[in-house]
Structure formats: C-alpha cells, structure tokens
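Quick notes on the structure that follows.
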Amino acid sequence: MSDTSRPITYADAGVDVHAGDKAVELMKASVRRAQRPEVLGGLGGFAGLFDASLLTRMQRPVLATSTDGVGTKVAVAQAMDKHDTIGFDLVGMVVDDIVVCGAEPLFMTDYIATGKVVPERIAAIVGGIAAACEQAGVALVGGETAEHPGLLEPDEYDVAGAATGVVEYSDLLTPDRVRTGDVVLGIPSSGLHSNGLSLVRKVVASAGWGWEREVPEFGRTLGEEVLTPTRVYAADLLRLIRTDGVDVHALSHVTGGGLAANVARVLPQGVAAVMDRATWTPAPVFQVIGELGKVPQLDLEGTLNMGVGFVAVVPQDSVDTALEVLESVDLPAWRMGEIVGIDSVDRDRGELVTGSKGVDAGGAQLVGQYAG
C-alpha cells in the first residue's frame with residue numbers, strides 16, 4: 001500500500017457534490033412548471049410519486065411505457081455550447097412513442113451523465129426537458145444527474161429518459177383497425193429531429209464544414225438548423241384522437257429507420273401504405289445534407305424523416321375534420337397516400353419496405369418525386 005501526502009476526497013476523484021446541489025437549485029423553477037395535479041411530493045426524493053387514482057375510473061387501464069435518448073445530437077449541442085433545446089428532443093423521442101398506441105403520457109423521469117457537473121449547463125438541459133413536458137401535459141417527476149470523471153470528458157454528457165402513460169383497453173390503437181381504402185396523412189416535422197445525426201455529422205465532417213457556417217438555404221448557421229428542437233406532438237395528437245368525427249386507425253412516429261419503415265410497423269399484415277413524394281416538399285436541410293454527402297436517396301430516406309414527423313391513418317370520412325384539427329394546432333398536415341392490399345402494390349414504382357424493427361406487420365412504399 002502506497003502512502004499519500006494528504007487524504008483523497010471525492011472532489012479529488014473529480015466528483016463535486018456541491019455542484020450537483022447547485023444544479024438542482026437552478027432547475028427547481030423549471031421543474032415546478034412541468035407538473036400535474038396527480039404529482040405528490042417534490043424534488044429530492046428517492047422516487048417520483050404520482051397518484052394513480054385516475055386509473056380506478058377506467059374499466060381496463062393499460063399502462064404504456066417508453067424510454068429513449070437523443071443519440072449523437074448531443075455532440076452538436078456540445079460543439080455549439082447550446083444546451084437548452086436538447087430536452088425537447090428527449091421528451092419528443094419518449095412521450096411521442098407512447099401516444100402512437102393512443103395512450104396519454106402521464107409522467108417522465110430523466111437521466112443525465114456528464115464528465116463534470118456544470119450547474120448552469122445541467123439546469124439548461126433540464127429546463128428544456130421541463131418546458132417540453134409542460135407543452136406535452138406530462139409531469140416531470142424525477143431525474144438523476146451523474147458525474148462520471150474519467151469516463152466522459154468534462155464537457156461531454158448524454159441524456160436519456162423514460163415515461164409512462166395509460167389508455168383504456170378499448171381505445172388502444174392497434175394494427176387491426178387499419179383497412180384498405182384508409183387515407184395516410186403526413187404531419188410535418190420541425191426539421192431533422194434527433195434521428196440520423198451520425199449520418200449528418202459524417203457528411204458535415206467530410207465536407208469540412210463547421211457548425212458556425214452560415215448556410216443561405218437555412219438563413220442561419222448549420223448548427224442552429226441542426227439543433228432545431230423536435231416538435232412534441234403528444235398533446236396535439238391526443239386532441240385529434242378525442243375529436244368527435246375523427247376515427248384514428250393508426251399513428252406512426254417517424255424516428256430511426258425513416259418514414260417507410262416506421263409506417264410499415266403500425267400496419268397489419270396484408271396491407272401497405274403507398275405514399276406519394278409529390279405531395280410534399282422536404283425542408284432545405286434534407287436536400288443540403290443529401291447533396292453535400294452525395295447520399296443515395298434510399299439511404300437518406302431510410303435514415304432521416306424527410307420532413308414528416310408523424311403519420312396518421314384515418315378512414316375517408318375522417319380526412320377533412322382531421323386536417324382541420326391539425327391545422328388548428330399549427331400542424332398543416334396533408335393527404336400523402338392510401339392503404340392498399342399488399343398484393344396490389346406495383347413494386348416497379350419503388351421499394352416496398354416490410355419487416356421493420358423485427359415486426360411481422362404490413363408494408364410501405366414511397367413513389368414519385370418530391371415536389372419542388
């Protein structure tokens with residue numbers, strides 16, 4: 001055993017518990033805004049508490065849960081030293097997966113791992129998470145910030161989250177609701193969201209571009225465009241589901257794997273969604289990344305959302321009302337395709353995507369060329 005000249009403290013090992021306490025103090029005001037009446041207690045407990053009495057009023061409550069992170073988008077936030085939007089990406093990735101089955105997200109917890117706790121940076125991250133939770137009507141009931149010196153560099157961090165929701169069993173959105181003749185509605189994304197950033201970062205690095213580069217097509221810097229926060233759809237889609245005159249048969253959150261793959265996984269076997277690219281024009285960021293990296297179209301579409309953040313499948317008689325509801329919440333959706341029998345798909349028009357995420361489900365096909 002070697003001697004040391006002085007005692008070794010936790011701070012000597014790179015962990016500053018006082019910085020962690022300061023971060024909690026700085027985030028308290030933000031977290032208070034992201035609450036629901038069912039939340040019991042406050043920050044600092046070993047567990048977040050949520051009064052589940054509302055479940056007793058349901059005939060057959062089904063809990064829905066989801067967990068996710070934001071991938072390598074955190075690397076862009078760190079490079080730009082801008083940390084107040086990454087929380088929207090995290091909340092969107094988690095709670096918007098829950099609403100796909102028709103469930104209402106109730107509460108969420110977050111986890112931040114960092115090489116060094118900088119209270120102001122942690123508070124900015126949590127502030128974004130809390131603001132997005134408030135927008136989604138979800139309670140932020142707890143979280144954890146862990147300092148990992150030696151594992152992460154001082155300015156590095158990663159974020160993850162988990163959420164729980166509930167839906168009446170009879171209201172579950174399951175693939176068996178979908179019928180041939182149903183209409184596929186496209187709901188716009190706010191930009192890249194937080195999928196495919198490894199491809200984007202590779203393209204940008206290969207081109208020798210910096211995140212501070214002004215890009216005329218964007219009217220701002222590359223980094224500002226890439227860090228555009230993910231649109232959080234949960235509250236707006238729940239409004240759509242609950243609207244009289246709208247019968248939502250399926251929803252799809254367009255995340256990793258791109259548009260076709262995520263639509264295919266919410267459809268039953270035997271049918272396919274045929275979607276016409278000519279019905280929308282992707283935002284400039286998708287074209288810039290594609291052309292800058294000479295990315296093949298199928299690879300681009302299998303990685304990025306191409307301007308479609310969500311898809312709704314509704315019967316013909318629900319289309320007009322559904323479009324009106326979505327327009328009223330600043331989601332100018334459009335009719336992008338229809339559901340057909342899978343055997344009737346003309347495979348010469350485009351690749352038919354099936355078997356996404358290991359799910360034995362339906363298929364999806366993109367046809368035509370993008371407008372504009």
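The two residues V95 and A234 make their nearest non-hydrogen contact at CG2-CB, 4.1 Å. Residues A250 and V178 approach most closely at CB-CG2, 3.8 Å, considering heavy atoms. For the pair E212 and T221, the tightest heavy-atom approach, listed with the atom from each and the gap, is O-CG2, 3.5 Å. Of all heavy-atom pairs spanning D346 and Q365, the tightest one is O-NE2, 2.9 Å. In terms of heavy atoms, Q297 sits closest to Q369 at OE1-OE1, 4.3 Å.
Not one N or O on the side chain of S66 forms a donor-acceptor pair closer than 3.5 Å with the backbone of A163. Remark: side-chain polar atoms of K73 are paired, donor with acceptor, to backbone N or O of H193 under 3.5 angstrom. Judged purely by atom type and a 3.5 angstrom limit, W211 has no side-chain atom pairing as donor or acceptor with the backbone of V204. The backbone N or O of V203 sits nowhere less than 3.5 Å from a side-chain atom of S206 that would complete a donor-acceptor pair. Distance alone, capped at 3.5 Å, places no donor-acceptor pair between the T180 side chain and the G341 backbone. Remark: the backbone N or O of R177 is paired with a side-chain donor or acceptor of H249 at under 3.5 angstrom. In this structure, T164 contributes its side chain and L106 its backbone to no donor-acceptor pair below 3.5 Å.
With sequence neighbours left out, Y111 forms a ring pair (Phe, Tyr, Trp, His ring centres under 6.0 Å) with no residue at all. Evaluation of the side chain to side chain contact (heavy atoms under 4.5 Å, CB included) rule for R179 yields D182 as partners, not counting sequence neighbours.
With contacts defined as side-chain heavy-atom distances shorter than 4.5 Å, the pair F286/L192 qualifies. For the pair P332/P188, a side-chain contact is recorded, criterion being any heavy-atom separation below 4.5 Å from C-beta on. With contacts defined as side-chain heavy-atom distances shorter than 4.5 Å, the pair Y157/R121 qualifies. In this structure, D96 and V232 have side chains that are in contact, with non-hydrogen atoms separated by less than 4.5 Å. Between W209 and V215, some side-chain heavy-atom pair lies under the 4.5 Å cut-off. Between L140 and D110 there is a side-chain heavy-atom pair separated by less than 4.5 Å. In this structure the side chain of L240 never reaches within 4.5 angstrom of the side chain of F310, judged on heavy atoms. Residues V319 and L185 are in side-chain contact: their nearest non-hydrogen atoms beyond the backbone lie under 4.5 Å apart.
Applying the 6.0 Å contact sphere to CZ of R60 captures no more than 12 heavy atoms from other residues, nucleotides or ligands. The neighbour count for Q59 CD, taken as heavy atoms of other residues, nucleotides or ligands under 6.0 Å away, does not exceed 12. A 6.0 Å sphere centred on CD of Q78 holds more than 12 heavy atoms belonging to other residues, nucleotides or ligands.
A distance of 10.0 Å separates CG in N262 from CG in N305, rounded to the nearest 0.5 Å. Taken from CD in E104 to CG in L54, the straight-line distance is 8.0 Å, to the nearest 0.5 Å. Once rounded to the nearest 0.5 Å, the distance linking CG of L90 with CG of D68 reads 8.0 Å. Between atom CG of residue D299 and atom NZ of residue K294 there is a gap of 15.0 Å, rounded to the nearest 0.5 Å. Between the OG atom in S252 and the CG atom in L259 there is a gap of 7.5 Å [rounded to 0.5 Å]. Note that CD of Q316 is 7.5 Å distant from CD of E338, once rounded to the nearest 0.5 Å.
A side chain to side chain contact (heavy atoms under 4.5 Å, CB included) with V74 is found for one member of D158, I125, L197, I112 and no other, namely D158.
Using the six-membered ring where Trp is involved, F50 and F107 have ring planes that are tilted, between 30° and 60° apart.
Applying the salt bridge (Lys or Arg N to Asp or Glu O under 4.0 Å) test to residues at least two apart or on different chains, the pairs with a partner in residues 270-280 are R277-E301.
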